[in-house]
Structure formats: C-alpha cells, structure tokens
*Asks:* 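Below is a structure I'd like to ask you about.
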Amino acid sequence: MAHPTPSPATPLDIVIFGGVGDLSVRKLLPALYMAHLHNNLPEQTQIIALGRQSWDRAAFLHFIQEKVRGFIESKAYSDQAWASFVRRLSYACVDATDPADFHEIKAQMQPGSERVYYLATAPSLFVGICANLSGAGLVDERSRVVLEKPLGHDLASARQINHEVGQYFEEHQVFRIDHYLGKETVQNLMVLRFGNSIFEPLWRGPQIKSVQITVAESVGVGNRAGFYDGTGAMRDMVQNHLLQLLCIVAMEPPVSLDPDAVRDEKLKVLRSLRPMTVADVARDTVRGQYSAGASDGEAAVAYLQEANIPASSSTETFVALKAHINNWRWANVPIFLRTGKRMAARQSEIVIEFADLPFTIFGDSAHQSVNRLMIRLQPEEHIQLQMMAKEPGSGMKLRPVSLNLDLQSAFTERRAEAYERLLIDVIKGRLTHFMRRDELEAAWAWVEPIIDGWQQLGEKPKAYTAGSWGPAASSALMAREGSSWVEES
Ligand code: BG6
C-alpha cells in the first residue's frame, strides 16, 4: 500500500531522536535548512530536536548555530534565511527509554499535525522509541518513521527490529534510509539504464566481462571509533551502500517507478547472489586494516593507533570481494566490490567492463583494447565510455580515449545533497528510494555467512598502508580473473 500523499497545508512535525548528535548536526539539520531555503518544506513545518542535554531554547540555538552552520555551503547561507529557519526549530530534553518523557514531545507538537520521526540513534533504541511513541498516542496512520543504518548487527537482529517496529508502524510507514540511494548519480544510473535504449542489449554477460564497484574513502575512522570498531567495513558499507549500488546495476527493468515495482526487482538481485561457502570466503574475499601512512598529503596513524580503538582490534577497515549473481543475465560475470577507509583517494565508481575483442586485426597495440563504462559517483559526477581510437600518425596504433558526460556542467540546476532529497521524499511519502524490509534482510542473509566465514577461518585483516589502494591481495583477486581495479593514478 502506498503512503497517502500528505497535503501541503497540513501541519508537519519532524521529530529527530538524536537531534543534537553527529548525523543531525552534519547532515539532517543542514539538509532541512536547504529544503527550507528552497521552499520545499510545507509551510507549517516544525522541527523538534531531541537530546539528553537539559538545555533551554536559547542554549540549543546557540549550540546549533555554532555547529550546524559550518556544514551549510557558504553560498547558501544568509543570516536572514537562517533566522527564518530557526523559527521552525524547537528542542526537548528527552530520555528515549523513559515513556514519561514522551509526553513532553506531545506537548510540543502542533495540533492535528502529521509526524515524521527520524531515529538517528543507535539501532538498539529503535524498538523502545517506537513502543514509547505508540504508548504516548503519537502514532497514527499518517505517521512515518525513518530508520538510520545500521539496522541491526546481523540477520537475526535486523529481523527482530523489523518485526518489532512493525508492531507500531505499517511497512509503508517505515523509511529505511540508505543515503547512497539519494545521491544524484545513483538515481541517474536508473535513467542511464532505463531511459536509454543503447545499453540494454549489451547489459548482460557475456557482453559484459566484469563489474566493479568501488567506494573508497580517504578519511579514517574519525571520531566514530566506538561505533566503527564494533561494526567494520562489511556491516558499515558493503551490507548496505555497495549492495544497493549493485542492485541498481544488476536489476531487471522494473515495470514502473512505483516503490514496490523497483524494490521487487532489487530484491530479486539480492536473492540471486550466490551464497558464499567458507572456501569461497577464503578465496574470494579480502579483509584489510590500515597501518600508518599518509593521506591527503598528511601523515596518518594506523587504525590501531586511532583514539579509542583497542590496540588488539581486528575490525576490518577494508573489504574487497568477488560476488556472482545466479541468474540468466549475470551468470559467469564476476562482480567485484571494494570499499575502505584511508585509501589513496575519495573515489566512488562503478565500472562496467565489456567483453574482449574476439579477434584483432591491429596487432600488438590492440592487446589492451578495453571498452569500459565508468560511472563516477564522487567526488565529481561523470560518466565516461572508454573506447579505442587510432593514434594520430602513420600506422595503426590504438589508444584508449573517453567519451565524457560531465553531469556537473551539463546541468546548471542546483544539485541537492542526498539527505535533502531523501528527507523531501519522506515528507512526500515517496518510498522508492528506501529499503523495504525483505530487501534489508536479504542483504544481511548474503553478508552474514561471509562474516561468519572470516570467524571460522580466523581471518585476521591484512595490513595496508594508509593512503594506498588496499592490501596486495585485493589486486591479486582481480588479477586471477584477468582484470584490474580502475584507479586514479
Ligand atoms: C556512512 C558510513 O553510511 O557512509 C561512513 O557509516 C561513511 O562510515 C559514509 O564514511 C560515506 O558516505 P559518503 O556519502 O561520504 O560517501
């Protein structure tokens, strides 16, 4: 069932649990400011940030003025817009585990409002918050709840959270956010595939030789040691962002953009992923952890030397793996996924490598003939088709050149940040770019045996130098298939 489209005239209360936490300060409040600036919030929208600090309004506003402004693009900031934005804001000191405190939230709400509850907290609090909201009479059929990742720690905990949240909210009221689905280029990938006819006949094995998806970050663990060390790259990135990217690359054309039509197709991809045995895990996956090196021109300490990371930690900060999709379109096409922190560059890219020439008439210089479609998500957004061309001069010497589609210069319109776009979707009740329960569980079902396999194998993460492209084993994984990672030099 689709969510009824809310009326712009109805008052809206956006309640952020974890309202003064890291995510809220860095992403949610700046995104809401931008939505406000561009008149994308219903007129009577109120934003209620919840936290544990016993602040009055003035102290809260002082805090966010200090913290949030730095995350708003300077050209989008003006004192006037900020002043009108903060009129929408209020704060309540709430212990999310104490049902009595929920009456304070109720007291701050507008009469007859629609409610969006954004749970930017640890997942261990999700169920209690939903129960307390319901107990205080704050959930009705128009309410929506947004669940931040990670949703659970494994399949069983994800199922349990989904089940219990489902006691209070219908599935169509639950927005499981994966901010990669809000990125412009990721949404554009659907258009590239389903809004153009030229790629579809080629979009399959054996015309496609391999697919690689890299989400590389140059940053380290930062100030999230407590969270990250108990999570690791597999749960933090692969289970959600990378698998969601893979779904969009590999899905069949949906019958429409209806949320369930899209999510049904993504679910089929996840369910078609070939389960990994322990032997597959040993052969086809690489776990890494950064050692000291340099990043963005500065010395970088090893993961084990980062503040609040136990010196004996074996949490992975890097994963590379080879996956297979068991269906007609993708049988025998290796799919390489890779992500890591403290890598050589911030670079997120999907590379579709087309089949080798069956035969060449151009002699030796054609031996490196490769046609690749490269979809760069960040830092810049562009799509390149790598083709072979003749080098100028006598003779027939070949060299790769690119057809470039630079999305940033092709469109002059403002490009909203992922969180802004997704928050507007939540307000409008549009579920297409959010994960459905079965999708999330299917992703866990595939990832969990890999994590278990590492444990059974006693697989310690392999060291890689901060500022490199990961452990040597990651290149070896590719080389075994006659491929190599596409990396910025
Ligand atoms: C988050 C992860 O989901 O995504 C972080 O928890 C990671 O560890 C971040 O840094 C990356 O997002 P982006 O948009 O900067 O690529």
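If you're wondering where the values come from, they're calculated on a predicted model, not measured in any experiment. Ligands are counted one by one from 1 in listed order, and the atoms in each one are counted from 1 as well. Only heavy atoms go into these numbers, but all of them, side chains included; no hydrogens, no water, no symmetry mates.
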*Asks:* For Asp95 versus Asp101, what's the shortest heavy-atom pair and its separation?
*Replies:*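 Closest pair (atom of Asp95, atom of Asp101, distance): N-OD2, 2.7 Å.
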*Asks:* So which of Lys183, His241, Arg224, Arg235 gets nearest to atom 14 (O) of ligand 1, if we judge by its closest heavy atom?
*Replies:*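 Among Lys183, His241, Arg224, Arg235, the closest heavy atom to atom 14 (O) of ligand 1 belongs to Lys183.
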*Asks:* Under 6.0 Å from the ring centre and within 45 degrees of the ring axis: does the NZ or CZ of Arg342 meet both conditions for the six-membered ring of Tyr303?
*Replies:*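 Verdict for Tyr303: no cation-pi partner in Arg342.
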*Asks:* Under 4.0 Å from a heavy atom of Arg346: give me the atoms of ligand 1 that qualify, with their elements.
*Replies:*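 Within the 4.0 Å cut-off of Arg346, ligand 1 contributes 15 (O).
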*Asks:* Could you list the atoms of ligand 1 found under 4.0 angstrom from a heavy atom of Gln378?
*Replies:*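 Counting atoms of ligand 1 from 1, those under 4.0 Å from Gln378 are 13 (P), 16 (O).
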*Asks:* If only atom types and distance count, is the side chain of Tyr91 paired as donor or acceptor with the main-chain N or O of Gln53 below 3.5 Å?
*Replies:*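 Yes.
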*Asks:* Looking only at protein heavy atoms, which one is nearest to atom 16 (O) of ligand 1, and how far off is it?
*Replies:*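 Answer, as residue, atom name and distance: Tyr180 OH, 2.4 Å.
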*Asks:* For Asp236, counting its heavy atoms only, list the atoms of ligand 1 lying under 4.0 Å from any of them.
*Replies:*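 So the atoms of ligand 1 that pass are 2 (C), 5 (C), 6 (O), 8 (O).
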*Asks:* Using a strict 4.0 Å cut-off to heavy atoms of Lys341, name the atoms of ligand 1 that fall inside it.
*Replies:*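 Heavy-atom distances to Lys341 below 4.0 Å select 5 (C), 7 (C), 8 (O), 10 (O).
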*Asks:* Could you verify whether a donor N or O on one side chain and an acceptor N or O on the other, from Thr285 and Trp454, lie under 3.5 Å apart?
*Replies:*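 A pair is found: one side chain offers a donor N or O, the other an acceptor, under 3.5 Å apart.
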*Asks:* In ligand 1, which numbered atoms sit nearer than 4.0 Å to a non-hydrogen atom of Lys149?
*Replies:*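 Those atoms are 1 (C), 2 (C), 3 (O), 6 (O).
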*Asks:* Quick one: does Tyr228 get a heavy atom under 4.0 Å from ligand 1?
*Replies:*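 Per 4.0 Å heavy-atom rule, Tyr228 does not contact ligand 1.
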*Asks:* Does Lys268 come within less than 4.0 Å of Glu252, counting only side-chain N to carboxylate O?
*Replies:*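 No, no charged N to carboxylate O under 4.0 Å.
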*Asks:* Looking only at protein heavy atoms, which one is nearest to atom 12 (O) of ligand 1, and how far off is it?
*Replies:*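 Closest protein heavy atom to atom 12 (O) of ligand 1: His179 NE2, 3.1 Å.
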*Asks:* Under 3.5 Å, is there a donor on one side chain and an acceptor on the other for Asp154 and Ser157?
*Replies:*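 Ser157 and Asp154 do have a side-chain donor-acceptor pair below 3.5 Å.
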*Asks:* Can a donor-acceptor pair be found between the side chains of Gln244 and Glu439 at a distance below 3.5 Å?
*Replies:*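 The answer is yes; a qualifying pair exists.
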*Asks:* At a 4.0 Å threshold, what atoms of ligand 1 neighbour a non-hydrogen atom of Glu217?
*Replies:*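 Every atom of ligand 1 under 4.0 Å from some heavy atom of Glu217: 7 (C), 10 (O), 11 (C).
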